[in-house]
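Indexing begins at 1, ligand by ligand and atom by atom, following the structure's order. Quick caveat: nothing in here was measured; it's all calculated off a predicted structure.
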Amino acid sequence: MKKILVTGGAGYIGSHTVVELVEAGYEPIIIDNFSNTEERSLQGIADILGREVICHRIDCTDAAALRQVFEQETGIAGVIHFAAYKAVGESVAEPLKYYHNNVGSLVALLQVMEEFKVDKLVFSSSCTVYGIPAELPVTEQTPVQKANSPYGNTKKICEEILTDLATSGSDIHTIALRYFNPIGAHPSAKIGELPLGVPNNLVPFITQTAAGIRQELTIFGDDYDTQDGTCIRDYVHVVDLAKAHVVAIDRLLSGKADNIEFFNVGTGTGNTVLEAVQAFERATGEKLNYKIGPRRPGDVPKIYADVTKATEELGFKTTSTLEEAMKSAWDWQMHLQNTSEQV
Ligand code: WQD
């Protein structure tokens with residue numbers, strides 16, 4: 001089996017990708033410093049797969065520690081790099097923490113990859129690089145703009161680093177996947193999103209409100225230029241997103257990929273916040289307690305993906321509906337309650 005190193009592999013998208021890699025016949029090796037996830041993710045992966053996945057507990061900004069893993073794990077065929085902080089608001093308050101971790105970890109990883117002649121990388125990028133797009137839906141040719149936050153800027157800088165590396169003639173071939181809004185959880189409800197503290201993101205706030213952990217959801221603004229006044233996003237089921245990483249690794253290992261390629265990973269459909277809430281209520285039968293509040297500074301009014309390139313060149317399309325994603329998020333929330341492990 002081909003060995004794939006998955007940095008941040010105990011995290012939300014990472015853990016779901018580890019499951020899909022095994023099911024596709026790969027041998028994932030996790031690297032995680034557990035700064036933004038918990039050990040129980042490894043147990044959830046093991047429960048789904050019926051076996052444990054090797055995990056090295058190191059920080060990806062530590063090149064020496066990375067080197068030790070590459071020395072120990074011989075024959076790494078490729079790397080999927082998830083390890084990064086992703087809280088937009090926190091990045092505004094603590095920019096250096098974000099530049100050090102998100103940019104520093106990529107540079108350290110690339111240097112060690114070059115040393116060990118590991119030359120296939122899937123990079124976790126984000127639709128935040130598009131800023132507030134002038135046209136919708138966004139394609140991979142939509143201009144990348146000044147990011148709305150240090151977090152978004154780290155993704156933009158990392159894409160520039162990878163582009164410069166490709167131009168330099170490095171042997172490293174990269175596929176950068178620009179995620180839209182990942183939501184939901186594995187259908188087994190054994191792994192899912194583990195927001196530490198009060199959730200920033202919409203869907204965990206919805207499920208925690210429905211579970212009575214939060215009193216009510218505040219919808220940030222209903223005076224946008226959209227069908228119901230609330231913001232539009234492209235909500236993509238995390239399992240679909242995980243499968244896109246397997247397709248990207250397949251493409252890199254087949255030798256078909258250029259030095260660097262970018263793909264949007266979304267559903268190609270935009271939904272408003274209110275539509276997302278209504279989808280949750282339909283999918284679960286739960287009535288959600290919410291109110292309309294003021295806009296959240298920095299929010300992009302509308303963004304959703306044109307997925308033509310991924311469909312045509314990766315042969316990848318999402319399959320889950322918004323309702324299915326919401327139901328899976330609710331089942332995961334119930335699993336957390338029942339195992340009373342909610343933090
Ligand atoms: C979605 C919508 C809010 C919370 C996230 C990540 C970003 C990137 C894309 C990975 C917005 C509204 C939210 C709430 C609300 N992912 N909302 N009440 O801001 O699109 O960005 O996904 O790179 O890193 O942060 O996601 O879930 O925070 O917000 O009304 O309590 O829900 O205004 O319109 P966002 P989000």
Consider every N or O of [X] and every N or O of ligand 1, then say whether any pair is closer than 3.5 Å.
{"X": "T128", "result": "no"}
{"X": "P182", "result": "no"}
{"X": "N201", "result": "yes"}
{"X": "N181", "result": "yes"}

### Query
Just by distance, with hydrogens left out, do E90 and Y98 show a side-chain donor and acceptor under 3.5 Å apart?
yes
### Query
Does the side chain of Q337 pick up a donor-acceptor pair with the side chain of Q333 at under 3.5 Å?
yes
Starting from [atom], what is the nearest protein heavy atom, named by residue and atom, and what distance separates them?
{"atom": "atom 8 (C) of ligand 1", "result": "S126 OG, 3.9 Å"}
{"atom": "atom 20 (O) of ligand 1", "result": "R233 NE, 2.6 Å"}
{"atom": "atom 33 (O) of ligand 1", "result": "D299 OD2, 2.6 Å"}
{"atom": "atom 10 (C) of ligand 1", "result": "Y151 OH, 3.4 Å"}
{"atom": "atom 14 (C) of ligand 1", "result": "F220 CE1, 3.3 Å"}
{"atom": "atom 12 (C) of ligand 1", "result": "V273 CG2, 3.9 Å"}
{"atom": "atom 34 (O) of ligand 1", "result": "C231 CB, 3.0 Å"}
{"atom": "atom 4 (C) of ligand 1", "result": "N200 O, 3.4 Å"}

Please list, in number order, the atoms of ligand 1 under 4.0 Å from a heavy atom of [X].
{"X": "L217", "answer": "14 (C), 18 (N), 31 (O)"}
{"X": "I219", "answer": "30 (O)"}
{"X": "V88", "answer": "25 (O)"}

### Message
Looking at ligand 1, would Y235 count as a contact under a 4.0 Å heavy-atom criterion?
### Response
yes
### Query
Are any of the side-chain nitrogens in K155 or E159 under 4.0 Å away from the carboxylate oxygens of its partner?
no
### Query
Less than 4.0 Å between a side-chain N and a carboxylate O, is that true for R57 and E39?
yes
#### Entry: Proximal candidate to atom 9 (C) of ligand 1 [heavy atom criterion; set Y224, F205, F180]
F180
### Task
Could you check which of R295, K302, R296, K86 puts a non-hydrogen atom nearest to atom 29 (O) of ligand 1?
R296
### Task
Hey, could you give me each pair passing side-chain hydrogen bond (donor to acceptor under 3.5 Å, both in side chains) that has a residue in residues 183-192? Not counting sequence neighbours.
H186-S188
#### Entry: side-chain hydrogen bond (donor to acceptor under 3.5 Å, both in side chains): pairs with one or both residues in residues 192-204, sequence neighbours excluded
K86-N201
### Query
Would you call the rings of F116 and F70 parallel, tilted or perpendicular if under 30° counts as parallel and over 60° as perpendicular?
tilted
### Query
Is the distance between the ring centroids of H16 and F82 less than 6.0 Å?
no
### Intermediate values then yes/no, salt bridge (Lys or Arg N to Asp or Glu O under 4.0 Å), K327 and E323
CA-CA 6 Å; K327 180 68 170 64; E323 281 77 3; over 6 Å; no
### Query
Okay, side chain of D240, backbone of S320: is any donor-acceptor separation there less than 3.5 Å?
yes
Pick one of side chain, backbone, both or neither for how [X] approaches ligand 1, counting any non-hydrogen atom pair under 4.0 Å.
{"X": "V203", "result": "neither"}
{"X": "K155", "result": "neither"}
{"X": "L202", "result": "both"}

### Query
Given the rule in the salt bridge (Lys or Arg N to Asp or Glu O under 4.0 Å) test, do R295 and D223 qualify, once you have shown the distances and angles that lead to the verdict?
CA-CA 8 Å; R295 291 184 174 193; D223 56 351; 2.8 Å; yes
### M334 side chain reached by D331 side chain, heavy atoms, under 4.5 Å
no
### Task
Check whether any side-chain heavy atom of V6 sits under 4.5 Å from a side-chain heavy atom of H245, and report yes or no.
no
